[in-house]
> 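Pasting in a structure now, in structure tokens, and then I'll have a few things to ask.
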There are 2 protein chains.
Amino acid sequence: MSGGLSKQRLRLWVNLLRTTRLIEADLREEMRTAYRTTLPRFDVLSALERHAAGLLMGELSRHLMVSNGNVTGIVERLVADGLVERLAVEGDRRAILVRLTQAGAAAFAAMAAQHENWIDRRLEAVGRDEAQTVIDSLSRIREDRP
Amino acid sequence: MSGGLSKQRLRLWVNLLRTTRLIEADLREEMRTAYRTTLPRFDVLSALERHAAGLLMGELSRHLMVSNGNVTGIVERLVADGLVERLAVEGDRRAILVRLTQAGAAAFAAMAAQHENWIDRRLEAVGRDEAQTVIDSLSRIREDRP
DNA sequence: GGATTTTATTTCAAGTATAAATTATATAAA
DNA sequence: TTTATATAATTTATACTTGAAATAAAATCC
């Protein structure tokens with residue numbers, strides 16, 4: 001045993017989990033009261049906003065790191081609300097392209113600005129360099145695993 | 001605007017979320033295949049293991065940072081499996097004390113050792129000092145907000 | 001003591017999540 | 001071509017999750 005290093009890593013994991021959950025809870029509450037929406041819906045809109053040409057259901061699922069079937073349901077509700085549209089894909093009749101509608105893009109723009117503010121306040125305790133340090137560590141963790 | 005600091009904090013949040021989700025997905029898969037169980041169940045057992053005298057439902061819910069009603073369901077299933085027991089609380093007939101059974105303690109002990117190994121491998125990329133640095137940053141984020 | 005409020009938990013409806021099975025289509029191989 | 005295999009998405013069954021409402025018991029007020 002390497003001097004309790006594995007215990008230290010376990011502590012890191014617990015800290016990661018608790019911090020993420022805490023911030024997620026705050027964001028969920030803000031989203032709910034300010035926009036009557038949920039985090040998963042926001043996440044979908046956010047991914048689509050970064051891909052103006054649209055995304056396939058599978059791509060969306062991989063971007064968000066949630067299961068395929070899950071995305072089906074969330075997109076369904078967003079379509080029902082007119083924020084998202086589904087389009088047939090030229091040359092592959094299995095695939096479906098999902099894209100923001102104008103209403104969806106507008107709704108997202110308003111939310112995204114507030115979202116950035118909430119995060120800014122929530123992470124007030126970290127400055128630029130410290131943030132970069134943590135980002136680097138997290139990136140290395142994610143990349144370490146082929 | 002402070003030179004894009006809020007954008008940097010947003011990047012930090014995205015990194016936090018992606019890393020946590022990635023590790024959670026790995027752990028869920030390990031838990032499922034190795035022990036036919038789920039992360040939420042493991043989390044409940046873990047909290048109870050750290051409190052041998054048991055926890056009230058409300059305490060459990062606060063520890064795990066999940067809603068009250070949620071804990072009810074998970075504990076229910078753990079009770080059905082004989083890993084957890086519910087006890088009346090002397091002097092307060094509203095409260096319910098939840099505690100590991102012997103079987104639950106044994107099951108958890110086996111899982112916990114493996115869990116630490118999985119985390120150790122998953123966080124191989126970070127050493128002791130780096131881990132401490134990240135833990136400090138995360139702790140400060142959590143504490144910054146009364 | 002009795003009314004009011006607070007606290008502890010459960011129930012409920014709706015949404016989110018997974019894994020496994022299914023459907024439909026596309027691609028490759030024989 | 002026919003057959004086999006792979007891919008894209010949905011459906012299904014089950015579990016997790018929340019917020020709000022309901023229940024019940026305690027604590028506080030007057």
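Model, not experiment: these values are computed from the prediction. Computation of the quantities below employed the complete heavy-atom set of this structure, encompassing side-chain atoms and omitting hydrogens, waters and symmetry-equivalent molecules.
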> Considering only dT11(D), dT16(C), dT17(D), which nucleotide approaches the side chain of Asn70(B) most closely?
dT17(D)

> Consider the side chain of Leu56(A), meaning its heavy atoms from C-beta on, and name the nucleotide among dA19(C), dA8(C), dA9(D) that approaches it most closely.
dA9(D)

> Contact class for Arg41(A) vs. all strands (heavy atom < 4.0 Å): base, sugar-phosphate, or nothing?
sugar-phosphate

> What nucleotide among dG19(D), dT11(C), dT10(C) has an atom nearest to a side-chain atom of Arg28(A)?
dG19(D)

> Looking at Arg140(B) and Glu130(A), does any basic side-chain N land under 4.0 Å from a carboxylate oxygen?
yes

> Can a salt bridge be assigned to the pair Asp43(A) and Arg21(B) using a cut-off of 4.0 Å between side-chain N and carboxylate O?
yes

> Once you apply a heavy-atom cut-off of 4.0 Å, does Arg86(B) come out as touching a base, just sugar-phosphate, or nothing?
sugar-phosphate

> Closest to the Asp92(B) side chain: dT18(D), dA26(D), dA9(D)?
dA26(D)

> Toward the 5' end of DNA chain D, which comes first, Arg77(B) or Arg32(A), by nearest nucleotide?
Arg77(B)

> What nucleotide, of dT9(C), dA20(D), dT7(D), holds the atom closest to the side chain of Arg94(A)?
dT7(D)

> Figure out the CG/C1' separation between Leu39(B) and dT18(C), and round it to whole Å.
12 Å

> Do the charged groups of Arg62(B) and Glu59(B) touch, with an N to O distance under 4.0 Å?
no

> Examine dT18(D): is either OP1 or OP2 under 4.0 Å from a nitrogen or oxygen in the side chain of Thr38(A)? Give yes or no.
no

> Are Thr101(B) and Glu85(B) close enough that a side-chain donor and a side-chain acceptor fall under 3.5 Å?
no

> Would you say the side chain of Arg93(A) and the base of dT25(C) hold a donor-acceptor pair, judged only by whether the two atoms sit under 3.5 Å apart?
no

> Select from Ser67(B) and Val71(A) the residue whose nearest nucleotide in DNA chain D is closer to the 5' end of that strand.
Val71(A)

> What is the distance, rounded to the nearest whole Å, between atom CE of Met57(A) and atom P of dA24(C)?
17 Å

> Check the distance between dT7(C)'s P and Glu59(B)'s CD and give it to me in whole angstrom.
15 Å

> What nucleic acid atoms does Gly69(A) come within less than 4.0 Å of, heavy atoms only: base, sugar-phosphate, or nothing?
base

> Considering only side-chain heavy atoms of Val66(A), which listed nucleotide, dC16(D), dA17(C), dA9(D), is closest?
dA17(C)

> Check the distance between dC16(D)'s C1' and Phe42(B)'s CZ and give it to me in whole angstrom.
17 Å

> Considering only NZ, NE, NH1 and NH2 on the basic side and carboxylate oxygens on the acidic side, decide whether Arg41(B) and Asp81(B) come within less than 4.0 Å.
yes

> Compare side-chain N and O positions of Thr72(B) against OP1 and OP2 of dT11(C) and report whether any pair is under 4.0 Å apart.
no

> Expressed in angstrom and rounded to an integer, what is the separation of Arg21(B) atom CZ from dT16(C) atom P?
12 Å

> Taking CD1 from Ile74(B) and C1' from dT18(D), how many angstroms apart are they, rounded to a whole number?
12 Å

> Which nucleotide in the set dT16(C), dT9(C), dT7(D) lies at the smallest distance from any side-chain heavy atom of Pro40(A)?
dT16(C)

> Salt bridge check, Glu124(B) against Arg121(B): does any charged N sit closer than 4.0 Å to a carboxylate O?
no

> Roughly, in whole Å, what's the span from CG in Leu87(A) to P in dA9(D)?
12 Å

> How many Å lie between CD on Glu76(B) and P on dC12(C), as a whole number?
11 Å

